[in-house]
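The next block holds one structure in the form of structure tokens; read it before the comments.
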Amino acid sequence: RRVHGETLFSFFEMADQEMRAWQAMEEGEKKAKSIWPGSSKYEVAEEKFTSAANLFKTAKKLPEAAEAFKKAAEMHAKLGNQHDQATSLVNASGCLRKTDPPTANQLLKSAIVIF
């Protein structure tokens with residue numbers, strides 16, 4: 001049995017997680033588009049996207065989590081980290097397996113090609 005206050009706290013906690021996720025996504029986008037040369041911008045962007053993905057998962061926003069994992073995979077590709085790229089695609093697939101099986105399968109196929 002849940003107490004109303006616990007449910008309300010959970011709601012606000014999830015809303016906070018989602019807000020932090022959107023902020024991390026924005027920071028990742030800015031870093032990825034930065035004019036500074038070098039790979040460190042992609043490393044920071046990947047960290048932001050992965051953080052956003054995990055926050056979205058905590059907030060039960062799985063399509064958004066999948067999108068963030070896909071962006072992290074793009075950054076890994078730019079860095080030449082094939083294993084991490086494939087792992088991010090597998091994570092994205094897992095977020096979509098119940099709500100969008102065809103897309104989840106396509107992401108898994110993409111990861112298999114990379115592995």
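Rounded to the nearest 0.5 angstrom, Lys60 NZ and Cys95 SG are separated by 12.0 Å. Note that OG of Ser40 and CG of Leu79 are 9.5 Å apart. Values are rounded to the nearest 0.5 Å. Atom CZ of Phe49 and atom OH of Tyr42 lie 11.0 Å apart (nearest 0.5 Å).
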Side-chain donor-acceptor distances from residues 14-23 under 3.5 Å, at least two apart:
from	atom 1	to	atom 2	distance (Å)
Gln17	NE2	Glu13	OE2	2.9
Glu18	OE2	Trp22	NE1	3.4

Donor-acceptor contacts under 3.5 Å from residues 65-74 side chains, at least two apart:
from	atom 1	to	atom 2	distance (Å)
Glu67	OE1	Lys70	NZ	3.4
Lys71	NZ	Glu29	OE2	2.9

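Residue Leu108 shares its hydrophobic cluster (ILVMFWY side chains chained together at separations under 4.5 Å) with Val90, Phe115. Leu89 belongs to a hydrophobic cluster with Leu96, Leu107, Ile114, counting contacts under 4.5 Å between side-chain heavy atoms of Ile, Leu, Val, Met, Phe, Trp and Tyr, direct or through other members.
Of all heavy-atom pairs between Arg97 and Gly94, the closest is CG-O, 3.4 Å.
Residue pairs meeting the salt bridge (Lys or Arg N to Asp or Glu O under 4.0 Å) criterion with at least one partner in residues 42-57, sequence neighbours excluded, are Glu27-Lys48.
With sequence neighbours excluded, the residues forming a salt bridge (charged side-chain N to carboxylate O under 4.0 Å, His left out) with Lys30 are Glu26, listed by chain and number.
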